[in-house]
Amino acid sequence: MKFEVKNKIGIRKGILLVPVFEDNLKKLPGDFPEIVKNFIAGRVKNENFEGKKDNLLFTYLHGENLPEKLVIFGCGKIKEFDGKLSRELGGKIGKFIQKHHTSEAAMLNPVPHLPEFLQGLKMVQYDIGRFKTAKKPEEKNVTLQKLEIVTGKKSKDMENGLKEVDILAEAIDNIRDLVNGPSNIVDGEHLCDEAGKIARENGYKLTIYKNKELKKMGAGGILAVHQGAKKDAYLIVLEYRGGKKGESPIALIGKGVIFDTGGYNLKPVNHIEDMQQDMAGGATVLGVFSVLKKLGIKKNIVGIIPTVENLVSDTAYRPSDIITMLSGKTVEITNTDAEGRMILADAITHGATFKPKFMLTIATLTGAVAAATGDRYYGLLGNDNELIAKLRRAGDEVDDLGWPLPLHEDYKKKMDSEIADLRNYDNGSGKFAGSSKGAAFLERFVEGNKWAHIDIGGTAFTGDPKEYETKGATASGFRMLVRFFTK
Ligand code: BES
Ligand code: ZN
Ligand code: ZN
């Protein structure tokens with residue numbers, strides 16, 4: 001979709017969008033066309049239109065030198081209108097436009113928090129049915145091709161804001177394509193290709209370790225989980241240098257499990273079928289890297305994505321196996337479905353070789369986090385409360401929310417094994433505090449580094465999308481991380 005900032009309405013087809021606030025309903029700005037003013041005044045008088053959030057008026061504009069349709073939408077009180085509301089409203093209007101099969105629109109007197117509004121409007125246009133070869137009319141996505149922003153107050157700030165909307169929306173779509181995409185299409189090689197594209201486009205350093213190199217390195221965690229698969233496992237490492245020369249980088253590590261069957265601890269029906277989403281953490285890291293340079297983020301960041309498949313086969317790892325990890329620690333496999341922590345542990349050990357300022361892990365690590373915080377908050381854990389608080393604040397600012405979960409000393413002890421250094425699953429009190437214990441396992445590999453962990457196991461994929469989301473992948477954590485790195 002193309003944005004055009006104009007001082008007059010240019011289009012003669014499509015929809016004219018007019019946001020109004022409760023506060024200024026009676027004193028509309030002078031530059032509204034007469035017919036629009038009269039229409040609003042009539043509805044205010046006769047139908048008690050108040051401009052409240054969710055109030056919406058629609059009519060056809062026959063024979064006027066204007067677009068064909070008019071939508072007046074209430075935004076509530078100016079004082080209460082924030083980025084979150086703006087994004088939600090954008091989502092709502094985006095859906096409305098879609099239903100009207102309209103490819104052009106113009107917005108008169110753009111809302112405050114315009115970038116958020118446009119982000120919502122763009123996000124909601126994502127096509128979840130892109131693999132259908134034949135669509136019913138109601139399934140056809142007519143995406144908006146052109147949106148005119150009609151204002152006398154064009155500014156450099158506005159132009160930059162619009163550019164950023166495009167950059168972020170493209171990344172969010174790419175993340176959703178990767179996470180929604182089935183594992184026979186989005187496989188390890190596909191993620192490597194994506195990383196390659198991003199590296200080439202932005203001039204990043206990219207290193208990809210394949211099976212052979214992983215063996216040489218001794219990345220036992222990654223190799224064990226992947227053992228049941230025929231294709232290669234990968235450790236993808238991207239390096240962005242936007243900060244000062246010599247400044248320690250931040251390590252951003254994302255789980256890249258192409259498909260998680262659970263392994264021999266096989267996942268049951270109703271748990272297994274969405275497990276193509278299990279590389280959402282890795283996809284988010286790719287998404288973040290696709291925007292770092294474009295947004296001019298002034299930090300050094302290393303992105304690390306361990307990429308495997310957790311399958312069942314005669315070569316797959318088993319419960320009771322003992323694995324020597326990249327760090328040299330030994331792990332007793334008490335559950336093959338607790339695979340994310342195995343590959344992340346090796347990635348953390350690799351990340352530590354960069355002597356990072358701090359580390360972030362983002363992963364669909366546990367289903368347990370969904371029981372705790374549902375699909376509206378990812379879990380935030382780690383060994384540095386200040387870092388966790390900063391992530392949470394960044395998330396709050398962009399409605400990409402996280403909630404802290406506890407990492408008690410006793411949970412850490414639960415990851416001890418009687419026969420190895422650690423076990424990957426607490427098969428005693430097992431299901432309790434599952435997310436905390438997953439993080440507790442990771443902490444053992446962090447080795448004195450500052451670290452925070454984002455468990456998107458409940459938020460990466462949803463059947464109950466927010467106003468500006470679509471079903472399936474949500475790109476959970478992406479907006480938060482971008483905000484966090486921008487500060
Ligand atoms: N990939 C899953 C977690 C998951 C479940 C993510 C549902 C998204 C939706 C992870 O590898 C897993 O299986 N976790 C188990 C851990 C348990 C066996 C220790 C869980 O939380 O159920
Ligand atoms: Zn699993
Ligand atoms: Zn998993």
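Ligands are counted one by one from 1 in listed order, and the atoms in each one are counted from 1 as well.
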Could you check which N/O/S atom of Asp278 is closest to the Zn ion (ligand 3)? OD2
Ligand 1 contacted by [X] (non-hydrogen, < 4.0 Å):
{"X": "Lys267", "result": "yes"}
{"X": "Asp426", "result": "no"}
{"X": "Lys437", "result": "no"}
{"X": "Ala368", "result": "yes"}

Relative to each other, are the rings of His350 and Phe354 parallel, tilted or perpendicular (30° and 60° limits)? perpendicular
N-O pairing of [X] and [Y] below 4.0 Å:
{"X": "Asp166", "Y": "Lys163", "result": "no"}
{"X": "Lys466", "Y": "Asp375", "result": "no"}
{"X": "Lys95", "Y": "Glu467", "result": "yes"}
{"X": "Asp426", "Y": "Lys437", "result": "yes"}
{"X": "Glu409", "Y": "Lys412", "result": "yes"}
{"X": "Arg130", "Y": "Asp177", "result": "yes"}
{"X": "Lys413", "Y": "Asp410", "result": "yes"}
{"X": "Lys230", "Y": "Glu309", "result": "no"}

Quick one: does ligand 1 sit under 4.0 Å from the side chain of [X], the backbone, both or neither, non-hydrogen atoms only?
{"X": "Thr366", "answer": "both"}
{"X": "Asn265", "answer": "neither"}
{"X": "Arg341", "answer": "side chain"}
{"X": "Met275", "answer": "side chain"}
{"X": "Asp337", "answer": "both"}
{"X": "Met342", "answer": "neither"}

Which atoms from ligand 1 have a heavy atom of [X] less than 4.0 Å away?
{"X": "Thr364", "answer": "1 (N), 2 (C), 3 (C), 6 (C)"}
{"X": "Asp278", "answer": "1 (N)"}
{"X": "Asn335", "answer": "18 (C)"}
{"X": "Lys255", "answer": "1 (N), 10 (C), 11 (O)"}
{"X": "Glu339", "answer": "11 (O)"}

Close N or O approach ([X], ligand 1; < 3.5 Å):
{"X": "Gly367", "answer": "yes"}
{"X": "Gln277", "answer": "no"}
{"X": "Tyr425", "answer": "no"}

Could you check if a side-chain atom of [X] sits within less than 4.5 angstrom of a side-chain atom of [Y], using non-hydrogen atoms only?
{"X": "Gln276", "Y": "Val186", "answer": "no"}
{"X": "Arg341", "Y": "Phe445", "answer": "no"}
{"X": "Val482", "Y": "Leu168", "answer": "yes"}

I'd like the atom name of the N/O/S atom in Asp260 lying closest to the Zn ion (ligand 2). OD2
What N/O/S atom of Glu339 is the closest to the Zn ion (ligand 2)? OE1
Specify the protein heavy atom at minimum distance from [atom]: its residue, its atom name, and the distance to 0.1 Å.
{"atom": "atom 2 (C) of ligand 1", "result": "Asp260 OD2, 3.5 Å"}
{"atom": "atom 14 (N) of ligand 1", "result": "Leu365 O, 3.5 Å"}
{"atom": "atom 8 (C) of ligand 1", "result": "Gly457 O, 3.2 Å"}

Quick check on side chain to side chain contact (heavy atoms under 4.5 Å, CB included): which of Asp173, Thr470, Thr143 does Gln125 satisfy it with? Thr143
Under 2.8 Å from the Zn ion (ligand 3), is there any N, O or S atom belonging to Val257? no
Looking at the rings of His113 and Phe117, which for Trp means the six-membered one, are their centres under 6.0 Å apart? no
Worked check of side chain to side chain contact (heavy atoms under 4.5 Å, CB included) between Arg376 and Asp464: CA-CA 10 Å; Arg376 291 302 191 255; Asp464 178 24; 3.8 Å; yes
